[in-house]
Amino acid sequence: LEYGLQTHPSIELLDVSTNPVGQAGLGSLARLLSSEKCPRLAEILLEDVQASENRDVAMGLFEVDPSGQYSFDMAQPGQRTAFRLLLSQLSDYGSRSQYIKSAMLSNAPYNVDG
């Protein structure tokens, strides 16, 4: 799925509703939202999707190791949403800057705790 979308950069919406996505699939979807190879992808529909038995997608997304460098284009609604969701989840664990080493907005440092 990830490779397929990267080779079709004109896709703007992906609907995976009612499909079993799994942990690896959730990681792929997160990478797709921040991928430069999918510049138009702005929305992923995840209604009634299960990451694994008895778990919902929002929880499953943050149970995988998110280590890595990510670039979010805040002009893209889907990428803005993914970044806000990430910040929201990190708030539950204390200081966001403990987990995010640096962030830039309009070529200037962005305070993720502020």
Straight-line distance of [X] [atom1] to [Y] [atom2], nearest 0.5 Å:
X	Y	atom1	atom2	value
T18	E47	OG1	CD	9.5 Å
Q6	L41	CD	CG	10.5 Å
S28	I44	OG	CD1	10.0 Å

At their closest point, which heavy atom of T7 faces which heavy atom of G4, and how far apart are they?
OG1-O, 2.9 Å

Compare every heavy atom of C38 with every heavy atom of L5, then report the nearest pair and how far apart it is.
O-SG, 3.8 Å

Partner set under side chain to side chain contact (heavy atoms under 4.5 Å, CB included) for L13, not counting sequence neighbours
E43, L45

Please collect all salt bridge (Lys or Arg N to Asp or Glu O under 4.0 Å) contacts where either partner lies in residues 16-31, sequence neighbours excluded, each pair once.
E2-R31

